[in-house]
Amino acid sequence: MGSHRTHEERLTRLREAGLTGHEPDRLRSPIGLDLGARTPQETALSIAAEIVAHRHGGTGTALRTGVPIHRPGVLPAGAPSQQSGVRMTVSPVGREVARVDGRLKVTGAARYSGDYSATNMSYAHVVTSTVARGTIRSVDTAAALAAPGVLRVYVAGDGRLRLYPLAPEFSFFGENYIPLQDRTVLYYGQIIAVVVAESVEQAREAAALITVTYDAHPPRSSLADEPREPSDPTSSGEPSSVTVLAPGVESIDEALAASAVVVEADFEQPVQHHAAMEPHTVLAEWNGDRVTVHAGAQMPTPFTILLSQRLGILPQQVRLIGRYVGGGFGARVIVWSEAPVAAAAARELSRPVKLTLTREQMFTLVGHRPHLTQTVRLGASRDGVLNAISHESVAERPAAGGWNMLPGHSTSDTLYNTPNLRINPQQVILDMPSSWAMRAPNEAPGAFAMETAMDELAVATGVDPVELRLRNYATVSPSTGRPWSSKHLDECYRDGARRFGWSARSATPRARVDGEWLFGTGMSSAAYPADRQAASVRIRLLDDDTAVVSTGTSDLGTGAWTMVAVAGADALGLSLGRVTSEIGDSALPPGAPAVGSGATQSTVPAVVAAARDTIDALKQLAVTHSSSPWHGANAKDLRYKQGRLHGNDRSMTFGELLRAIGSRGVDATASEPAGAPSGYTFHTFGAHFCEVRVNRFTREIRVTRFTTVVDAGRIINARAARSQIVGGVIFGISGALLEENHLERDTGRLAASTLADYLVPVNADIPDIDVHLLNRPDPHLTGPLGEDGGEVGTRSLGARGLGEIGTVGSAAAVGNAVFNATGIRIRKLPITLDKLL
């Protein structure tokens with residue numbers, strides 16, 4: 001029956017039957033804590049413990065059996081079994097699995113935030129500031145209010161949109177001002193007014209009629225001209241600066257002075273933008289004191305908490321629906337101004353409000369990668385063995401709030417063995433739009449500096465770049481001394497070099513010329529933390545021998561819909577066509593945040609735990625229900641295998657059992673805490689190899705070949721994993737050659753505000769990218785059933801994240817190849833042709 005339906009068709013059927021999509025009566029934290037009776041402050045503290053501090057917690061399990069009712073279209077008890085396709089013959093884990101939501105997306109049937117509507121819906125358009133620092137003197141709204149279709153005009157400081165600050169525990173996840181609550185301007189492009197009208201065209205036309213006067217002040221806009229201060233502590237609360245010195249060494253400068261070869265280089269990376277395809281859209285609709293919001297979010301459950309604080313209500317009064325998200329890359333992690341503004345306007349107006357940011361507004365209102373300078377100093381022996389690494393940085397920190405940039409962490413303190421290490425990140429407060437994490441937020445810029453410096457060390461010592469990295473291979477974390485949970489980076493180097501043909505490379509720049517083109521090759525290392533976040537999953541076994549796996553994570557195009565289905569099919573021993581995934585809704589059990597390359601490695605253990613608990617609930621139902629053939633038996637005598645219960649000389653599918661007792665389903669919810677086993681350091685690793693050609697006369701740069709080999713533990717879906725690596729590499733190539741946004745020093749305005757001005761790659765810019773995945777399970781990141789051949793589930797999960805590793809180091813591989821082609825070293829991104837003339 002259900003095997004021929006798409007997952008969306010099955011979800012629709014389940015919703016109609018009342019089996020899914022219901023809003024919970026109380027909020028549950030990622031570790032199963034019942035927060036319904038708690039104060040907002042207690043709620044914030046409990047959730048903050050998981051989201052911010054990542055503290056270890058216990059697991060929680062909630063069991064619920066289905067009620068004995070009959071649904072139309074479902075076989076009654078005693079009917080023939082729908083066994084065809086129930087059993088899993090080959091696990092889908094690690095195979096080339098097509099996306100379960102693929103057809104919906106390519107046919108346009110997948111509904112993104114902007115595709116939703118509501119009865120009596122109105123439309124909002126925001127007005128943004130044209131100064132970077134100052135106060136609003138006056139706002140003339142008369143013409144806008146008189147324009148056709150206008151319902152409301154709200155301006156900064158008028159007090160009608162009641163919005164509130166975030167609790168201190170959550171201040172990291174939002175801007176440090178309250179939108180529209182006063183007349184202070186903190187950056188160019190800040191929301192200072194909003195028009196609500198009957199149509200989007202009317203709202204936009206009326207917004208253009210508003211005139212504003214300011215008392216403006218010169219903005220702070222230069223990293224070089226403003227005072228520096230230490231960066232904030234790391235997410236674990238440790239100081240951002242790190243110093244490790246060998247016995248008897250007094251300082252990093254002393255270690256460098258004692259080195260036979262010293263490389264010192266300065267690097268600069270400009271402002272970069274997430275540039276996701278889907279515009280930020282919010283549809284807010286109130287029902288009494290509860291609001292449902294359609295919006296893209298990388299963390300559905302935290303989104304409801306943050307938005308509730310902005311609105312001054314409880315988290316359980318907010319529901320976030322964002323089943324399909326058209327890209328995030330970090331820009332959809334926090335709650336920006338547009339969501340609370342739209343929700344507050346809908347509350348004040350007593351009708352639904354939809355607000356969509358223009359592409360120009362997205363360049364200022366939803367974050368960017370901060371402007372950054374770095375200095376790397378390497379000290380080594382004449383044969384290239386490192387004696388000292390010093391990595392200093394100065395990053396933009398907007399006055400309105402922003403990302404705590406730590407580029408040396410997880411790069412210079414991770415990649416190479418060294419007895420002396422110094423990492424010192426600093427920040428400068430500037431009057432710019434808020435910055436935020438952007439794909440591999442610290443690691444991508446940090447690796448560009450470190451891996452370029454390593455290439456310079458290879459040139460200075462005459463050691464091949466691959467051999468140089470092998471000579472400095474770290475078997476333990478240089479900064480903590482803890483061993484890696486699993487590391488096969490050396491295999492990445494060797495496999496990548498073989499696949500790429502590295503042995504044919506000449507170390508001499510400009511050695512390979514073909515007509516008007518200079519060819520060069522370069523390589524780099526990559527590392528990214530493999531942190532596990534808290535996650536809860538519910539699995540529901542239904543009476544038609546299908547299963548629904550539900551968790552409130554997001555799919556940003558990364559393949560989470562399919563990952564959840566694959567993990568569920570494997571854990572339950574069912575064919576993939578019998579499993580429906582359900583995600584992207586805060587009404588579901590709190591899922592893993594789609595951040596930090598952690599959604600898969602956090603979700604799958606919870607899927608396995610939920611499968612175990614659901615099967616336990618099925619067994620209990622079998623031995624306690626009077627209509628069950630196993631009534632009165634011992635649950636320990638029953639065994640589940642590939643969708644069937646066996647025991648006492650009987651065997652039947654779970655669907656047959658449920659129909660026999662008149663129940664539509666049985667389910668269980670299991671939670672897994674944040675964190676990983678202590679005593680180890682968890683990272684994903686990789687190696688990039690790049691070939692470029694540079695025109696001898698015009699200096700045009702073309703990437704012609706790219707190979708990446710990744711050690712990310714067990715691969716859940718090979719097709720999606722390869723796609724993620726390719727996407728990450730494209731990010732790196734784009735950052736290396738194209739992306740930058742100039743800040744106008746006098747005005748504080750970011751000059752590029754469209755995709756015509758802010759360049760990103762098109763198909764013609766990117767060659768075929770060769771991706772190889774080692775698929776070596778991490779023995780210390782396993783599912784709860786371990787390696788013992790237990791009853792259900794992936795026996796050893798061992799998956800680590802890989803969404804961002806492709807971006808780490810790939811820009812350096814491009815830059816190193818450009819040097820090999822031209823003999824010109826470029827340390828300021830992007831590498832444009834004018835810098836090579």
Side-chain angles (χ1 to χ4, degrees), residues 51 54 235 274 276 298-299 325 327-333 369 403 406-407 409-411 414-415 436-447 484-487 489 492 525-535 553-560 562-564 567 591-606 672 674-676 681-688 708-718 720-732 771 773-778 780-781 797-810:
I51 298 172
H54 307 309
S235 60
H274 307 81
Q298 293 180 233
M299 306 192 301
V325 183
F329 315 118
R332 288 183 162 97
V333 171
R369 197 194 298 276
W403 181 252
L406 305 173
H409 293 262
S410 293
T411 53
T414 298
L415 284 168
W436 192 247
M438 178 173 159
R439 198 173 196 171
N442 301 310
E443 295 77 10
W484 308 110
S485 61
S486 176
K487 182 180 182 182
L489 180 56
C492 294
S525 305
Y528 192 83
D531 297 327
R532 260 175 54 176
Q533 308 301 323
T553 192
S554 293
D555 192 330
L556 317 175
T558 51
T562 309
M563 173 269 291
V564 170
V595 299
S597 300
T600 296
Q601 67 199 25
S602 305
T603 300
V604 181
E672 288 291 303
T681 297
F682 294 83
H683 274 72
T684 290
F685 298 95
H688 303 291
T708 296
V709 181
V710 173
D711 171 27
R714 183 188 293 275
I715 303 303
I716 302 301
N717 182 354
R722 189 173 297 107
S723 174
Q724 283 297 289
I725 299 300
V726 168
V729 169
I730 292 172
F731 254 69
V771 174
L773 304 164
L774 294 187
N775 199 22
R776 298 286 193 86
D778 189 318
H780 300 287
L781 282 175
L797 172 64
R800 295 197 300 264
L802 48 69
E804 293 166 276
I805 189 72
T807 305
V808 181
S810 45

Test item: Glu804 side-chain N/O and Gly728 main-chain N/O as donor-acceptor pair under 3.5 Å: no
Main-chain N/O of Val808 paired with His688 side-chain donor or acceptor, under 3.5 Å: yes
Minimum-distance pair of heavy atoms, taken over all atoms of Gly801 and Thr684: O-OG1, 2.8 Å
For the student: nearest non-hydrogen atoms of Tyr528 and Glu443, plus distance: CE1-OE1, 3.3 Å
Close side-chain approach of Val333 and Gln298, heavy atoms under 4.5 Å: yes
Between CD1 on residue Ile730 and CD1 on residue Ile725, distance to nearest 0.5 Å: 11.5 Å
Residues which pass side chain to side chain contact (heavy atoms under 4.5 Å, CB included) with Ser486, listed by chain and number, not counting sequence neighbours: His488, Asp778, Pro779, Arg800
Any residue meeting side-chain hydrogen bond (donor to acceptor under 3.5 Å, both in side chains) with Trp436, in chain and number order, not counting sequence neighbours: none
Shortest non-hydrogen separation from Ala276 to Gly328 and the atoms involved: CB-N, 4.3 Å
CG-OG1 distance between Asp555 and Thr562, expressed to the nearest 0.5 angstrom: 7.0 Å
Close side-chain approach of Asn442 and His409, heavy atoms under 4.5 Å: no
Side chain to side chain, Ile715 and Leu802, heavy atoms closer than 4.5 Å: yes
Considering all heavy atoms, the nearest Val604-Met563 contact: CG2-SD, 4.0 Å
Atom of Arg369, atom of Ala444 and distance for their closest heavy-atom approach: NH1-CB, 4.0 Å
Side-chain heavy-atom pair Ser554, Arg332 within 4.5 angstrom cut-off: no
Distance (rounded to the nearest 0.5 Å) between Leu773 CG and Arg714 CZ: 13.5 Å
Ring geometry between His683 and Trp484 (parallel below 30°, tilted from 30 to 60°, perpendicular above 60°): perpendicular
Phe731 vs Met438 side-chain heavy atoms within contact, under 4.5 Å: yes
Between OG1 on residue Thr603 and CD on residue Glu672, distance to nearest 0.5 Å: 11.0 Å
Side-chain heavy atoms of Leu774 within contact of Cys492, under 4.5 Å: yes
Side chain proximity check, Val771 to Val729, heavy atoms < 4.5 angstrom: no
Shortest non-hydrogen contact between Ala592 and Ser602, atoms and distance: CB-CB, 3.5 Å
